[in-house]
Amino acid sequence: MITISITVLEFGYDEVHDDYKVVGIFYTSTHGYVCVYSLKTESWRRLDDVQGGILYHRSAKLVNRKFHWVTMRVHGWGITSVDLVDEKCQKVELPCCKGYFYLTLGVLGSELSVLCNYDRTRADVWVMKEYGAKES
């Protein structure tokens, strides 16, 4: 018997399709996957498997029509996003944090921000000025 537990549910509005959607991340004992429920079609659609990561912070940040979560992967921290419009999952490029640190996502104005907390002794704050461009 496979036990499914809901790790997170987020609710948002897709203004392009005039649709309210629920993004769910579900885990079984062997893997996790992402689904989107559309209120317009009254149906769930499975997107992608959660690739090697588990959610670290359960609450998402909504920026640029995408939900963002901090994830913990085999090789360290990551940021995963789910686009409400095209319903695709993707990894978001991390800022340059070095050493042992914790990540916390935030929103400054309308921009995604990342707090790199170095063992509670100091912190760096990164703000993505141009969404998707690492140089920004």
Side-chain angles (χ1 to χ4, degrees):
M1 180 165 129
I2 297 176
T3 302
I4 296 176
S5 65
I6 299 172
T7 299
V8 68
L9 288 174
E10 295 290 344
F11 181 73
Y13 179 64
D14 172 1
E15 61 193 44
V16 172
H17 299 106
D18 188 31
D19 191 7
Y20 289 92
K21 295 181 178 178
V22 176
V23 176
I25 300 179
F26 303 85
Y27 283 92
T28 67
S29 57
T30 57
H31 71 283
Y33 54 94
V34 180
C35 293
V36 175
Y37 180 82
S38 163
L39 269 65
K40 189 180 253 185
T41 64
E42 297 183 2
S43 63
W44 284 97
R45 188 169 87 82
R46 184 171 168 169
L47 304 184
D48 293 325
D49 288 348
V50 178
Q51 299 176 5
I54 59 169
L55 291 177
Y56 184 73
H57 293 287
R58 293 179 185 232
S59 62
K61 302 299 179 196
L62 182 62
V63 174
N64 202 38
R65 300 180 182 150
K66 298 174 184 169
F67 283 116
H68 298 80
W69 291 272
V70 171
T71 54
M72 188 66 178
R73 300 188 185 281
V74 174
H75 300 292
W77 295 102
I79 300 172
T80 300
S81 71
V82 175
D83 192 310
L84 282 176
V85 176
D86 67 12
E87 297 183 358
K88 294 197 187 286
C89 296
Q90 72 179 53
K91 294 177 188 173
V92 176
E93 191 82 30
L94 284 176
C96 184
C97 298
K98 302 209 187 266
Y100 184 75
F101 58 89
Y102 298 96
L103 286 184
T104 303
L105 293 182
V107 179
L108 290 175
S110 61
E111 298 162 341
L112 185 66
S113 65
V114 178
L115 174 74
C116 296
N117 184 346
Y118 297 94
D119 202 24
R120 297 184 180 102
T121 59
R122 69 180 180 88
D124 291 332
V125 178
W126 297 84
V127 179
M128 187 181 291
K129 292 291 193 181
E130 182 181 337
Y131 190 87
K134 183 175 181 173
E135 306 79 37
S136 72

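Taking 4.5 Å as the limit, some side-chain heavy atom of Y131 sits within range of a side-chain heavy atom of V92. Within the 4.5 Å cutoff, no side-chain heavy atoms of W44 are placed close to those of V36. For the pair Y37 and E42, the minimum side-chain heavy-atom distance is below 4.5 Å. Between V23 and L9, the closest side-chain pair of non-hydrogen atoms is not below 4.5 Å.
In plain terms, the two heavy atoms of F67 and L84 that are nearest each other are CE1-CD2, 3.8 Å. Nearest heavy-atom pair, R45 versus D86, reported as atom, atom and distance to 0.1 Å: NH2-O, 4.1 Å. Of all heavy-atom pairs between Y118 and D124, the closest is OH-OD2, 3.2 Å. Closest non-hydrogen pair, V63 versus H68, comes out as O-CE1, 3.2 Å. Nearest approach of S113 to V107, heavy atoms of both residues: OG-N, 3.6 Å. The two residues T71 and I79 come nearest to each other via the heavy atoms OG1-N, 3.9 Å.
Residues forming a side-chain hydrogen bond (donor to acceptor under 3.5 Å, both in side chains) with Y13 (at least two apart in sequence, or on another chain): D18. Scored by the disulfide (SG to SG under 2.5 Å) test, C116 finds C97 as partners (sequence neighbours excluded).
Within a 6.0 Å radius of NZ in K40, other residues, nucleotides and ligands contribute more than 12 heavy atoms. Heavy-atom neighbours of Y20 OH from other residues, nucleotides or ligands within 6.0 Å: at or below the threshold of 12.
Between the CG atom of L47 and the CD1 atom of I25 there is a distance of 9.5 Å, given to the nearest 0.5 Å. Between the CD atom of E130 and the CD atom of E111 there is a distance of 10.5 Å, given to the nearest 0.5 Å. Interatomic distance, NE2 of H17 versus CD of E87, reported as 8.0 Å (0.5 Å rounding). Atoms CG and CE, from N64 and M128 in turn, are 9.5 Å apart once rounded to the nearest 0.5 Å. To the nearest 0.5 Å, atoms CG (L115) and CG (L105) are separated by 9.5 Å.
Look at K21 and D14 and you find a salt bridge, because one of the NZ, NE, NH1 or NH2 atoms lies within 4.0 Å of a carboxylate O, short of that distance. Classification of E15 and R65 as a salt-bridged pair holds, one side-chain N sitting under 4.0 Å from a carboxylate O.
With hydrogens and angles disregarded, a donor-acceptor distance shorter than 3.5 Å links the side chain of E10 to the backbone of A60.
Geometric assessment of R46 against the ring of Y33 yields a positive cation-pi assignment under the 6.0 Å and 45° thresholds.
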_Worked check of side-chain contact (heavy atoms from CB on, under 4.5 Å) between L39 and D19_ = CA-CA 6 Å; L39 269 65; D19 191 7; 4.0 Å; yes

